[in-house]
Amino acid sequence: MLDADLLAGPAEQVAPLLLGMVLRHGEVAVELTEVEAYAGPRDPASHAFRGPTPRNDVMFGPPGHLYLYFSYGMHWAANVVCGPDGTAGGCLLRSGQVVDGADLARGRRHGAPERDLARGPGRLTQALGLAREHRGLDLLADGVVRLEPGPVRAGEIEVLTGPRVGVSSAADVPWRFWVAGSRYVSAYKRSPRAPAPER
DNA sequence: CACTAGATGCTCT
DNA sequence: GAGCATCTAGTGA
């Protein structure tokens with residue numbers, strides 16, 4: 001069982017710790033290979049930057065809960081809430097490797113190739129079967145959806161960082177974290193609305 | 001393989 | 001009504 005204190009720090013510090021952990025929903029489990037940090041009031045790219053709304057209120061609650069949002073008309077994306085209770089913050093789960101329940105995941109993903117089962121935020125939630133009814137669940141409690149320690153010990157994963165995908169503000173802040181050399185990492189794409197890259 | 005265009009509907013202003 | 005923390009299918013090589 002994971003300790004909530006582990007997730008109570010700033011999102012950009014929690015994010016690399018999530019790599020290698022496993023998110024499980026029933027029989028399907030995904031080992032996380034790529035995440036992004038969103039630091040609430042300190043981060044113009046965060047949904048919580050302008051204060052609480054009905055959509056983002058979960059992010060203002062205690063760490064370790066599941067913030068889900070609906071994106072681009074077709075996809076759900078999952079975040080682990082971080083930071084202390086009362087302060088908004090979260091880590092977007094961008095990609096992972098399906099390590100259990102692959103047959104069920106493949107069915108939900110309409111027969112996608114193994115590498116693409118959970119590569120991308122929308123694909124990851126689809127493979128796990130997460131949607132609006134899972135909003136706000138406590139991932140550290142003993143429920144059907146939970147976050148578990150991974151098979152690899154903390155500190156044994158080589159982590160690379162870079163700018164976040166698809167954000168139009170703070171587009172150069174390197175708060176995307178992924179497992180070095182992993183095939184289960186999504187492609188970087190800069191938002192067409194973002195200003196020209198810094199150099 | 002790399003790259004592009006368009007679909008799609010919720011959320012907040 | 002504008003703006004998305006995206007995906008897929010299509011093209012061309």
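Each chain gets a letter, A, B and so on, in the order the sequences are listed, and its residues count up from 1.
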From the candidates dC10(B), dT6(C), dT13(B), the one with an atom nearest any side-chain atom of Phe70(A) is dC10(B)
Select base, sugar-phosphate, or nothing to describe what Ala77(A) touches, counting heavy atoms under 4.0 Å on all strands. nothing
Rounded to whole Å, CH2 of Trp76(A) lies from P of dA5(C) at a distance of 15 Å
Of dA7(B), dA5(B), dT8(C), the nucleotide closest to the side chain of Arg123(A) is dT8(C)
Using Watson-Crick geometry (N1-N3 plus N6-O4 or O6-N4) or G-U wobble (N1-O2, O6-N3), each under 3.5 Å, dA5(C) is paired with none
Does a side-chain N-to-carboxylate-O contact under 4.0 Å join Glu36(A) and Arg164(A)?
no
Among the nucleotides dA5(C), dC4(C), dC7(C), whichever has the atom closest to the side chain of Arg193(A) is dC4(C)
### Query
When all nucleic acid strands are considered with a 4.0 Å heavy-atom cut-off, which category describes Ser168(A): base, sugar-phosphate, or nothing?
sugar-phosphate
Review point. Is there a donor-acceptor pair under 3.5 Å between the side chain of Arg146(A) and the backbone N or O of Gly143(A)?
Key: yes
Margin query: Please determine whether a side-chain nitrogen of the Lys or Arg among Asp100(A) and Arg24(A) lies less than 4.0 Å from a carboxylate oxygen of the Asp or Glu.
Written below: yes
Taken to the nearest whole Å, CZ/Arg190(A) to P/dC3(B) is 16 Å
Nearest heavy-atom contact between Tyr188(A) and Ala171(A) is OH-O, 4.3 Å
Considering only heavy side-chain atoms of Pro54(A), the closest of dA5(C), dC4(C), dC12(B) is dC12(B)
Checklist line | Donor-acceptor contact below 3.5 Å, side chain Arg94(A) vs main chain Glu34(A) | finding: no
Against the side chain of Met74(A), the closest entry in dC1(B), dA7(B), dT6(C) is dA7(B)
DNA chain C nearest-nucleotide lookup for Gly73(A) and Gln126(A): closer to the 5′ end is Gly73(A)
| Closer than 4.0 Å, any side-chain N/O of Arg119(A) to the OP1 or OP2 of dT6(C)? | no
Leu2(A) and Leu6(A) have their tightest heavy-atom pair at CD2-CD2, 4.2 Å
Whichever of Leu124(A) and Ser191(A) has the more 5' nearest nucleotide on DNA chain C, that residue is Ser191(A)
Practice item. Would you indicate what Arg176(A) reaches in the nucleic acid, counting non-hydrogen atoms under 4.0 angstrom: base, sugar-phosphate, or nothing? Key: nothing
Leu68(A) atom CG is separated from dT6(C) atom P, nearest whole Å, by 15 Å
Separation of dA9(C) atom C1' from Arg109(A) atom CZ, nearest Å, is 14 Å
May I ask you to evaluate whether His75(A) reaches the phosphate of dC7(C), defined as a side-chain N or O under 4.0 Å from OP1 or OP2? no
note: Tyr72(A), atom OH; dG6(B), atom C1'; distance rounded to Å ~ 13 Å
Whole-Å distance, Tyr67(A) OH to dT11(B) P, equals 9 Å
From CZ of Phe49(A) across to C1' of dG3(C) the rounded distance in Å is 16 Å
Considering only heavy side-chain atoms of Tyr69(A), the closest of dA5(C), dC7(C), dT11(B) is dA5(C)
Checking all strands, does Arg55(A) fall into the base, sugar-phosphate, or nothing category for heavy-atom contacts under 4.0 angstrom? sugar-phosphate
Whole-Å distance, Glu36(A) CD to dC4(C) P, equals 15 Å
